[in-house]
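Quick notes on the structure that follows.
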Protein chains: 2
Amino acid sequence: MHIGTKGDYGVRALIDLAMYGGEGPVQRTEIARRQHIPDSYLDHLLAQLRRDGFVRSTRGPGGGHQLTRPADEICLLHVLESLEGSLAPLPCLEDDESGEPHSVCAQQWVWREIYDDMRARLAAVSLADLAAREQERLRSAVASYSI
Amino acid sequence: MHIGTKGDYGVRALIDLAMYGGEGPVQRTEIARRQHIPDSYLDHLLAQLRRDGFVRSTRGPGGGHQLTRPADEICLLHVLESLEGSLAPLPCLEDDESGEPHSVCAQQWVWREIYDDMRARLAAVSLADLAAREQERLRSAVASYSI
DNA sequence: ATGATCCTGACTAACTTAGTCGTGAATTCG
DNA sequence: CGAATTCACGACTAAGTTAGTCAGGATCAT
Ligand code: FES
Ligand code: FES
């Protein structure tokens with residue numbers, strides 16, 4: 001379940017869209033600059049998010065990216081699963097659908113509980129929540145500078 | 001926090017010791033056979049567990065490995081951290097001690113909660129618990145064969 | 001048409017994982 | 001002693017993942 005730069009950058013990009021995407025599309029370079037993400041890498045992350053229907057992109061001058069749905073209807077769980085693939089800490093916890101009975105060992109039940117709990121928590125957090133938190137973080141950072 | 005074969009095999013080996021280690025040392029090859037672990041790989045895992053004080057090994061004929069403490073005093077958390085290193089899902093959640101203020105982004109608090117919860121659950125499970133569960137698993141497997 | 005912008009896939013370097021293999025050291029037994 | 005048994009340790013490798021870069025193409029406003 002490691003969250004690498006894909007997950008972290010991707011979520012930050014979506015938060016950026018939630019915060020600044022109110023007035024038309026936001027350009028990739030802008031997101032990259034604000035969120036400190038390598039521009040050409042962000043390109044791939046946006047492509048993935050587009051494939052999974054989280055963002056809509058328009059080309060040409062004045063183009064950019066925007067969320068396809070209101071920020072409070074997009075949950076962190078789906079975003080991370082889009083960016084990172086399955087978040088299962090063990091292969092035997094992956095939803096297989098193949099019908100093959102994955103091997104089971106004694107510790108599996110603990111991890112099943114942890115995994116379920118984790119998914120529930122991630123599903124309960126929306127982009128709007130995260131954007132609000134980010135606003136607050138920025139506000140307090142500015143405040144501490146001005147002291 | 002991915003648990004790879006290291007963590008899975010290592011825990012299974014310790015469960016094996018908890019189950020069969022009552023009467024003197026258990027040999028590596030025996031563990032490997034019972035738990036379906038490559039013998040030469042198990043070697044490394046036992047070395048790690050020895051370094052961290054979970055098992056004691058004796059050489060020569062009749063030698064083998066045994067737990068250094070009663071199985072109900074060894075918790076899954078410490079074992080897995082010995083085998084896999086930090087279980088933190090994000091680098092920014094690692095205990096740094098270096099004093100450098102790791103970067104913080106909006107989603108960190110969710111993961112902090114998930115991580116704390118995970119560690120608490122793992123700390124609450126002992127090798128004895130797992131061994132009991134494994135006994136039960138084996139019993140029911142035998143039962144379903146004999147039907 | 002031109003220039004801004006997104007879109008796509010090929011490519012790479014560094015790192016991690018899951019082992020194997022060979023040699024050596026300790027211990028017991030005859 | 002000497003041989004058999006068992007652990008101990010480090011070098012090595014093959015495959016996969018991560019975190020990108022880069023070049024070139026597609027699309028659209030003007
Ligand atoms: S095989 Fe899945 S927890 Fe051990
Ligand atoms: S930097 Fe740690 S959660 Fe984003």
Side-chain angles (χ1 to χ4, degrees), chain A residues 1-13 16-17 21 24-33 35-68 80 83-91, chain B residues 1-13 16-17 21 24-33 35-68 80 83-91:
Chain A
M1 95 176 30
H2 256 161
I3 305 298
T5 60
K6 277 201 192 98
D8 203 61
Y9 290 168
V11 169
R12 299 221 300 253
D16 196 90
L17 288 184
V26 181
Q27 284 137 25
R28 195 185 50 194
T29 9
E30 282 231 28
I31 306 177
R33 183 179 47 73
Q35 306 294 331
H36 311 105
I37 303 173
D39 182 88
S40 51
Y41 192 36
L42 178 55
D43 205 358
H44 288 330
L45 306 180
L46 287 171
Q48 181 62 44
L49 291 169
R50 193 172 346 102
R51 272 192 287 278
D52 286 345
F54 295 104
V55 303
R56 170 182 355 118
S57 311
T58 50
R59 304 196 237 202
H65 308 269
Q66 41 197 323
L67 298 176
T68 53
L80 284 175
L83 290 162
E84 297 273 0
S86 166
L87 300 182
L90 289 139
Chain B
M1 102 177 25
H2 256 158
I3 305 299
T5 60
K6 276 200 193 96
D8 203 61
Y9 290 169
V11 169
R12 298 222 300 255
D16 196 271
L17 287 183
V26 182
Q27 284 135 27
R28 195 183 53 198
T29 28
E30 281 230 30
I31 305 176
R33 184 178 45 73
Q35 305 295 331
H36 310 104
I37 303 172
D39 182 87
S40 52
Y41 192 35
L42 180 54
D43 201 1
H44 289 333
L45 307 180
L46 287 170
Q48 181 61 44
L49 291 169
R50 192 170 350 100
R51 270 192 288 278
D52 286 345
F54 294 104
V55 302
R56 172 181 354 117
S57 310
T58 50
R59 302 196 239 201
H65 308 269
Q66 43 198 324
L67 298 177
T68 54
L80 284 174
L83 290 161
E84 296 273 0
S86 166
L87 302 181
L90 288 139

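In what follows, every chain begins at residue 1, and chains take the letters A, B, ... in the order their sequences are listed. Fair warning: this is a prediction, and the values are worked out from it, not measured in the lab.
- Put simply, CD on A:Q27 is 17 Å from P on C:dG3, counting in whole angstrom units.
- Classification of A:D8 and A:R12 as a salt-bridged pair holds, one side-chain N sitting under 4.0 Å from a carboxylate O.
- Residues B:L17 and B:F54 form no side-chain contact, since every pair of their non-hydrogen atoms from C-beta on lies 4.5 Å or further apart.
- Within the 4.5 Å cutoff, the side chain of A:Y9 has no heavy atoms near those of the A:H36 side chain.
- Within residues 43-61 of chain A, the residues that have a heavy atom under 4.0 Å from DNA chain C are, in order of number, A:D43, A:H44, A:R50, A:S57, A:T58, A:R59, A:G60, A:P61.
- Here the side chains of A:I37 and A:T5 are not in contact, with every heavy-atom distance at 4.5 Å or above.
- In this structure, CZ on A:R50 lies 12.0 Å from OG1 on A:T68, to the nearest 0.5 angstrom.
- Between the CD atom of A:E84 and the CD atom of A:Q48 there is a distance of 10.5 Å, given to the nearest 0.5 Å.
- With rounding to the nearest 0.5 Å, the separation of CD in A:E30 from CG in A:L42 is 12.0 Å.
- The phosphate of C:dG19 (OP1 or OP2) has a side-chain N or O of B:Y9 nearer than 4.0 angstrom.
- Summary of the strand contacts: B:G63 and A:T5 both lie near DNA chain D, and taking for each the nucleotide with the nearest heavy atom, the more 5' one is attributed to B:G63.
- Rounded to 10 degrees, the angle between the two end axes of the helix from C:dA1-D:dT30 to C:dG30-D:dC1 is 10°, with five pairs used at each end.
- Proximity of B:H65 to B:V26: side-chain heavy atoms (C-beta onward) are nowhere separated by under 4.5 Å.
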**Request:** Go through the steps for B:L83 and B:D52 under the test side chain to side chain contact (heavy atoms under 4.5 Å, CB included), then give the verdict.
**Result:** CA-CA 9 Å; B:L83 290 161; B:D52 286 345; over 6 Å; no
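- Taken from CG in B:L49 to NE2 in B:H44, the straight-line distance is 13.0 Å, to the nearest 0.5 Å.
- A:D39 has its CG atom 11 Å from the P atom of C:dT5, to the nearest Å.
- The aromatic rings of A:H2 and B:H2 sit tilted, their planes meeting at an angle between 30° and 60°.
- Along DNA chain D, read 5' to 3', the first and last nucleotides having any atom under 4.0 Å from a heavy atom of chain B are D:dT5 to D:dA11.
- The nearest whole Å value for the distance from the OH atom in A:Y41 to the P atom in C:dC6 is 18 Å.
- Look at CG on A:L42: it is 11 Å from P on C:dC7, rounded to the nearest Å.
- Distance NZ (B:K6) to P (C:dG19): 10 Å, rounded to an integer number of Å.
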